[in-house]
Every structure is written in structure tokens, then in C-alpha cells.
Amino acid sequence: MRATHFFLATLKEAPSDAEIISHKLMLRAGLIKRLAGGIYTWMPLGLRILRKVETIIREEMNRAGAIELLMPAVVPAELWQETSRWDMYGPELLRFKDRHQRDFVIGPTHEEVITDVARREIKSYRQLPLHLYQIQAKFRDEIRPRFGVMRGREFLMKDGYSFHASYEDLQREYQNMHLTYTRIFTRLGLSFRAVAADTGSIGGTGSHEFHVLADSGEDAIAFCPDSDYAANVELAEALAPVSLRAGHAEKMMKIATPGKIRCEDVAALLKAPVTRTVKAIAVMHDRQFFMLLIRGDHTLNEVKASKLPFLNPFRFASDEEVECHLGCRPGYIGPVGIRDGIPVIADRTVSQMSDFICGANEAGYHLTGVNWGRDLREPDYVFDIRNVVEGDPSPDGKGPLSICRGIEVGHIFQLRTKYSEAMKATFLDESGQSRAMEMGCYGIGVTRIVGAAIEQNHDERGIIFPHAIAPFEIAIAPVGYGKSQSVRDAANKLYAELKGAGLDVLIDDRDERPGAMFADLELIGIPHRVTIGERGLKEGTVEYQERREAVAIKVPIAEIGALVRERLGA
RNA sequence: CGGGGUGUAGCGCAGCCCGGUAGCGCGCCUGGUUUGGGACCAGGAUGUCGGAGGUUCGAAUCCUCUCACCCCGACCA
């Protein structure tokens, strides 16, 4: 591609609303333009990247035996009503009426549509298994779109759905996809990790997320450096402490702690470690008031808590409700002396504590030396309701956990028969029995991958694209293109040679000054560059530089074509 | 939705407190000089100051309403 025939739209300064580095760089490099909140135009340069990502996904999906189709983005409401998701999904489902006042949605995901396809087409176990996928624009009316393409409202997604005659076959395909995703993200050149995940609102049983590792990631991942255990912290189990509750050594005492509401402050005032304090959290399920207890330095895991059957769903109690049930405002509440009708749910860690510190249910006072059994009744329930922290024992018993952050770019689920039962997607098995199909579902955030790749690969000059998804693999930078016939000839000759070898090559024939030209080529992340100038040509050399390297190497003009082709495998 | 903030030229911003004919840098156009790391000189174009209403002789500036966007909390690829 000749730069003068292409459309580069770089910016020296990033628009001020861009928050994270990948968003800023995508805007500055002219990959995307914002049209509305969370909605972006993919400019020609950005589209080239997107297409390369798509191609890799498509190749690997096909190789794994999946078959591509394309479903409509606009879906009639009846399908969503069949599975009750019309009512369950909430406001991020974009709904509208057509001219006949019929309800439609813009699909945020396509379980209903694909299940409808399956139930119409599949009658016999002989037609199974079947895995269909598409790469399509989705729309989710996110509460808060942010980080550019990372959490857009409209985004490109690869979503695949598989149908099986047995759970065993679903598990086989699930493993197949686990492997396929690993291959895809490896080919994309990303540093990633597969982690055990919560199944969320889509429902079903087994589930893994694929995360690109990046400090700016929105998810926290707990992993064990000594084994292959990795899980979203939403899911990672906090094991019960191995040591049993120590005997009590202190008498319970009421201490004035005016103005000290946070556990850290109370601990500091009493010169005690925070790990001796207990935090009480008041929640409501319907009309029932509950008290949750976690150690002062821990945080509540709302996903775990909401999985407790008697709490599902729960919400945090208002100040008024807390006062009504405990006679005290939040900040000084605790489990001692409360009514019998208030169930106390203690985290595993809390249930093993002794001589602990908690609120006294009286403004400005805490209790110290509190002990289960002696000063208050044993907790009504003991569950794992906290987030794991760095250093907690790994659930697989192989050493302490570490925590890192990731960007979720892929997610695989075993849906089982949730949708096939709701939509009567059945088949006849070998014995002529009608059975619901086992289903799996497999998503990849195509647009998000571009953001994640940049988040992971950039420096102060701009983007450094992995070869596999770079908009161009190599750039030719002629210095003095307009003025020097010899530079022009050498550049065009190399361009023709590399193009002929099948490389994606950009020749910067804009006749820009060298500084501007280099800055642009570096900003947009082209991984290799050949610089051709009169100075070098006089001694018969050109310069070759990898985007990641600090310096260029001189190469005899006669050898540059071969060298590039060798480096880029063409 | 709750809390905080911002809307002035394509992008980044000043001006607003204290009303008086809208500015700076980058970019853009023309001409010239330049040409190995975002050049220089000269000339030029570009704004319903987010929108509506109000106060005032006069509003970017004060008041009211509205819209959009951004940031912090509940969602997900």
C-alpha cells in the first residue's frame, strides 16, 4: 500500500476523554473515531487489524470443526420471551418496535436464535454434534461504556454454539474449544491465561474465561504460581484456616472509639492488628435482615454471597433499616447482643477467630476480646463469602495464591440444556427417545482483542503490534522521496519486491519530513521498518529496524530484500 | 440510576470569579526557504462559545431549564 493512496489520520494530541493507554493510542493512531458513547467507526487502518484478528479466529474455528453462519442482529422479541430473558436481561438489552408496533431486540448474544435454528433443522442424533459460529456486531447498552473499544456498546464478537447428543460429547467439544482458544490467542501473539470462571447470567455449569494479562484489566485473577490453578477472584475459593480457633484469653470489654468507623482506624486506635477486627455488613433479602461477618482486612465477595440460596438476591441494607434492626447506625454494628431473628453469616475465617474486635451496636463504641460461644451465640451459618487475597492458600493445595489483573477476551461455557429445554430443541436418540440437546457456547471479543493487544504492547512512541495483527507488517520510509530520484527508485524497487513476496508493506511516499514520517510509523505500530536515504545509498546501504529495537542496523542495499523476507518468513 | 466534573475552531486549551465586538498552541490553505527525528518565514481560512429561555443598553461570562460527554460505584466479550 502506498501511503498517498491510503488514509492515515494521526493526531499529535489525544482527545482528553481517553483514559487508558490503548484508547489514547487508538485515537491518536487514527484506528477508531468515536461516533457516540461506546460506539466507534473503525477507520481503514484499524479495520485492517480487526480483519487480521477475525481471520485468525476464523481459521482456527474452521480447523476445529466449527461451521460459520451469520445470524441477524435484529431479533424478534418472541424468541427472547420463550427463554424468559426478555424479562431477565434488563436495560442493557436494546429493545425497539418496528412500524407495526412489534417488539424487537438488537441481539447482545444469540443463544435463542441459534437454538431456534437447531430445533428446526436437527431431528436425529445422527445430525449431532454440530458447532455453528458467527462473527458479528453485537449491541449491549452498557451502563457505563468506557476505555474506548474495551467496553463499547457496539462491538464485534465471535460467538459459537455447539449441540450434542450427550454430556460427554459436550465435554469433549469444551476441551476442543479450550485448546482452540489457546491456539488463537497464541497465534495473536498475546500473553494470556485461561481461568476458571463464574457462569454469570448466561447460566450453565462449567466455564472458563481467557484473559489477556494487563495491569489495566478490569478483572482480578487469582492464580497459583506453583501449579496451573487460576480463577477469577469472583470464583476463587478462600479455604478455611487450617488452625482451629484459639482459646479465649481476654475478657470482653467495651471501648470508646469515637469517629472510628473503618476497621483500620479502630485497629490503629487500639494498637491491634486489623486481622483482629471483624467487619459487619447488613444486607436484606426481601424483608429479611441478615448480618454478614468478614475479617476487617478482607472484602466481601458479592458473587459468592449472592449464591447462598437464602440470600439470592440480596441488597445492602439502608441506614434506616440498620438502625431499625440494630438500634445503631452503620459503622459501629456488630454481632454481639443482637436479636435472635437476625441470622448471622460468618466467613470461614471469622468463625475461627477469638478475642476479636467488633462494633458494639452503640455509636462510638467497639467491643474487644469478643469470643464465640462465650459472648455471643455461634454463627448461624459459616460460608466462604470473602475475596481471596494475595498469599491465601491455593484451593488445589499447591502453595500461596498470587493476584494479577486481566482483560477478558474469551469465555467458554457448558450451557447444558438450559436453552434447549426452554425452547424445546430436542432430537431422537438411538433408542428413539426424544431428548433435549446438550449445548455449549463460546465467545471471543474481537474488538476488545485489539485494545487488549495494545494495552500489552506499546511504548512511549506508540503501539507495537504483534506481527500477526499489525495493519502492515513492514514500512518503507524513504527520506527525501520527492527530491531524490535514487531514493525513489530504491524505495519503489524494494516495495515491488516485498509486495511480490506476499508481504503487507506500506511505503511512505508522502514526502513528509523524516521526523514526522518516523513518528507516524512508530505511532501506528508497524513492527518493521526499512529506511532509505541518499546518505546510505551513496555507500550502498539502507537501514533496517524492528519497532521494539532501539537502533537500526545497516544493510547492503542488495541484501535488504532477502533479509526482510527471511525475518518475516515470506 | 446515585455522586463528582466538563462542554469555546479538526485536536489540546485560555477567557467566565469581576458582563463591553472571541483568543493561544498544534493542525489546515497559499507562496517561499528547507529536508536523517514532529522545520522556518510571510500571508490566510475556520466558531450559531452544546441547546433553549431569562436578566441586562449589552451575555462565552450572571440565572433557570435541557442535552451531550467524562470520572467514581452495580454489568460483561
Side-chain angles (χ1 to χ4, degrees), chain A residues 9-20 23-24 27-28 30 33-39 53 57 89-93 108-110 135-160 181 197-202 207 209-212 217-219 232 234 302-303 306 313-316 406-413 441-452 461-462 477-484 487 511-523 529 531-537 542-543 545 552:
Chain A
T10 58
L11 250 31
K12 212 178 264 186
E13 290 172 288
S16 58
D17 51 7
E19 192 64 15
I20 59 170
H23 188 195
K24 286 183 187 157
L27 256 10
R28 281 192 54 206
K33 297 277 176 197
R34 197 189 75 94
L35 182 63
I39 300 178
V53 175
I57 294 173
Y89 212 85
E92 69 253 35
L93 179 60
T109 170
H110 279 67
I135 296 176
Q136 184 207 34
K138 295 275 189 280
F139 193 93
R140 288 183 198 171
D141 203 352
E142 292 283 348
I143 303 162
R144 187 145 91 83
R146 65 185 129 173
F147 303 151
V149 110
M150 294 281 220
R151 181 169 296 280
R153 292 196 291 172
E154 184 178 300
F155 56 98
L156 250 201
M157 178 171 166
K158 186 286 297 181
D159 50 327
Y181 274 36
D198 182 60
T199 48
S201 61
I202 296 181
S207 166
E209 291 167 352
F210 287 77
H211 284 263
V212 165
E218 291 187 86
D219 290 280
N232 196 305
E234 287 176 356
E302 295 180 39
V303 173
S306 63
F314 77 87
R315 63 178 174 80
F316 293 102
I407 300 163
E408 185 188 355
V409 291
H411 202 158
I412 59 177
F413 288 94
C441 141
Y442 320 91
I444 292 181
V446 180
T447 37
R448 183 181 278 185
I449 282 174
V450 180
R461 294 175 168 187
V479 176
Y481 187 85
K483 209 174 89 177
S484 163
V487 166
D511 198 27
E512 282 286 346
R513 304 172 61 81
M517 180 168 59
F518 297 154
D520 272 349
L521 295 176
E522 281 157 358
L523 174 63
R529 183 175 87 205
T531 306
I532 300 177
E534 221 153 29
R535 217 169 59 185
L537 287 181
V542 297
E543 286 161 46
Q545 184 170 8

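Just the heavy atoms: all of them, side chains too, but no hydrogens, waters or symmetry mates, feed the values below. Convention: sequence-line order gives letters A, B, ...; per-chain numbering from 1.
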Please assess Gln545(A) against Thr531(A) for the test side chain to side chain contact (heavy atoms under 4.5 Å, CB included), listing each intermediate value before the final yes or no.
-> CA-CA 8 Å; Gln545(A) 184 170 8; Thr531(A) 306; 5.8 Å; no
Residue pair Glu512(A), Asp520(A): steps toward the side chain to side chain contact (heavy atoms under 4.5 Å, CB included) verdict | CA-CA 10 Å; Glu512(A) 282 286 346; Asp520(A) 272 349; 5.6 Å; no
Take Asn232(A) and His211(A) through the side chain to side chain contact (heavy atoms under 4.5 Å, CB included) test and state the conclusion after the steps.
-> CA-CA 10 Å; Asn232(A) 196 305; His211(A) 284 263; 4.1 Å; yes
Dump the intermediate steps for side chain to side chain contact (heavy atoms under 4.5 Å, CB included) on Val479(A) and Arg535(A), then the final yes or no.
-> CA-CA 9 Å; Val479(A) 176; Arg535(A) 217 169 59 185; over 6 Å; no
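With both pairing distances under 3.5 Å, G53(B) is matched to C63(B) as a Watson-Crick or G-U wobble pair. Pairing partner, U48(B): none, since no Watson-Crick or wobble contact has both distances short of 3.5 Å. Using Watson-Crick or G-U wobble geometry with both donor-acceptor distances under 3.5 Å, A74(B) finds no partner in any strand shown. With a cut-off of 3.5 Å on both Watson-Crick or G-U wobble distances, the partner of G19(B) is given as none. Across all strands shown, the partner of C24(B) is G12(B), judged by Watson-Crick or G-U wobble contacts whose two distances both fall under 3.5 Å. With a 3.5 Å ceiling on both atom-pair distances, the Watson-Crick or G-U wobble partner of A42(B) is U30(B). Nucleotide C69(B) is matched to G5(B) when pairs are restricted to Watson-Crick or G-U wobble geometry with both distances under 3.5 angstrom.
Atom name C1', nucleotides C26(B) and A45(B): the rounded distance is 16 Å, in whole Å. G47(B) and G5(B): their P atoms are spaced 32 Å apart (whole Å). Nucleotides G37(B) and C41(B) place their C1' atoms 22 Å apart, quoted to the nearest Å. Taking atom P in both G7(B) and U61(B), the straight-line distance is 12 Å, to the nearest Å. If you take atom P in G51(B) and the same atom in C67(B), they sit 15 Å apart, rounded to whole Å. Across C18(B) and U8(B), the matching P atoms stand 23 Å from one another, rounded to whole Å. Between A39(B) and U6(B), the distance separating the two P atoms is 35 Å to the nearest Å. Only the P atoms considered, C24(B) is 33 Å distant from U64(B), to the nearest whole Å.
A donor-acceptor pair is defined here as one N or O able to donate and one able to accept, closer than 3.5 Å; such a pair exists between the side chain of Lys158(A) and the backbone of Tyr442(A).
One atom, CD of Glu218(A), and another, C1' of C76(B), lie 9 Å apart when rounded to the nearest Å. Per the geometry, CG belonging to Leu537(A) stands 14 Å off P belonging to G36(B), to the nearest Å. The OH atom of Tyr181(A) sits 10 Å away from the P atom of A77(B) (whole-angstrom rounding). Note: CD (Glu534(A)) to P (G36(B)) measures 11 Å, nearest angstrom. In this entry the distance linking CG of Asp17(A) with P of U6(B) reads 15 Å, nearest Å. Atom CG in Asn232(A) sits roughly 11 Å away from atom P in A77(B) (whole-Å rounding). The CD atom of Glu512(A) sits 10 Å away from the P atom of G27(B) (whole-angstrom rounding). Between the CD atom of Gln136(A) and the P atom of A77(B) there is a distance of 15 Å, rounded to whole Å.
Val479(A) comes within 4.0 angstrom of a nucleotide base, judged by non-hydrogen atoms across all strands. Counting non-hydrogen atoms under 4.0 angstrom, Gly533(A) reaches a base of the nucleic acid. Among the atoms of the strands shown, none is found under 4.0 Å from any heavy atom of Arg315(A). Nucleic acid contact class of Glu142(A) (heavy atoms, under 4.0 Å, all strands): base. At the heavy-atom level, Glu522(A) lies under 4.0 Å from base atoms of the strands shown. The residue Asp511(A) sits apart from the nucleic acid: no heavy atom pair falls under 4.0 Å. Counting non-hydrogen atoms under 4.0 angstrom, Gly152(A) reaches a base of the nucleic acid. Within the 4.0 angstrom heavy-atom criterion, no nucleotide atom of any strand lies near Gly482(A).
At least one side-chain heavy atom of Arg151(A) sits under 4.5 Å from a side-chain heavy atom of Arg448(A).
Closest approach to the Arg151(A) side chain among A77(B), A74(B), C76(B) is made by C76(B) (side chain taken as heavy atoms from C-beta onward). For Glu13(A), the listed nucleotide lying nearest its side chain is G12(B); candidates were G12(B), A77(B), G37(B). When distances are taken from the side chain of Arg140(A) to each of A74(B), C72(B), C76(B), the shortest belongs to C76(B). Nearest nucleotide to the side chain of Asp219(A), out of C76(B), G36(B), G38(B): C76(B). Counting only heavy atoms from C-beta on, Ile143(A) has its side chain closest to C75(B) among C75(B), A77(B), G37(B). In the set G37(B), G36(B), C69(B), G37(B) carries the atom at the smallest distance from any side-chain atom of Gln545(A). Comparing C70(B), G38(B), G36(B) by their nearest atom to the side chain of Ala516(A) picks out G38(B).
The 5' end of RNA chain B is approached more closely, in terms of each residue's nearest nucleotide, by Phe147(A) than by the other of Phe147(A) and Val446(A). Along RNA chain B, the nucleotide closest to Pro15(A) and the one closest to Ala18(A) are compared, and the more 5′ of them pairs with Pro15(A).
Ser16(A) has a side-chain polar atom (N or O) that falls below the 4.0 Å cut-off from OP1 or OP2 of C13(B). Within the structure, a side-chain polar atom (N or O) of Arg513(A) is placed less than 4.0 Å from OP1 or OP2 of A39(B). Under 4.0 angstrom from either OP1 or OP2 of C72(B) there lies at least one side-chain N or O belonging to Arg144(A).
Arg28(A) contributes a side-chain N or O that forms a donor-acceptor pair with the base of G38(B) under 3.5 Å. Evaluation of atom-type donor-acceptor distances gives a pair under 3.5 Å for the side chain of Glu543(A) against the base of G36(B). Not a single donor-acceptor pair, N or O on each side, falls under 3.5 Å between the base of G10(B) and the side chain of Arg34(A).
One finds no salt bridge joining Arg146(A) and Glu19(A) here, because no Lys/Arg side-chain nitrogen approaches an Asp/Glu carboxylate oxygen to under 4.0 Å. Salt bridge annotation for Glu534(A)-Lys483(A): absent, with no cationic side-chain nitrogen under 4.0 angstrom from a carboxylate oxygen.
Scanning both residues, Arg140(A) and Pro108(A), for their nearest heavy atoms gives NH2-O, 2.7 Å.
Ring-base stacking between Phe518(A) and G36(B) is not satisfied when judged by a centre separation under 5.5 Å and a plane angle under 30°.
Classification of the His411(A)-Phe413(A) ring pair by plane angle, with boundaries at 30° and 60°, yields parallel.
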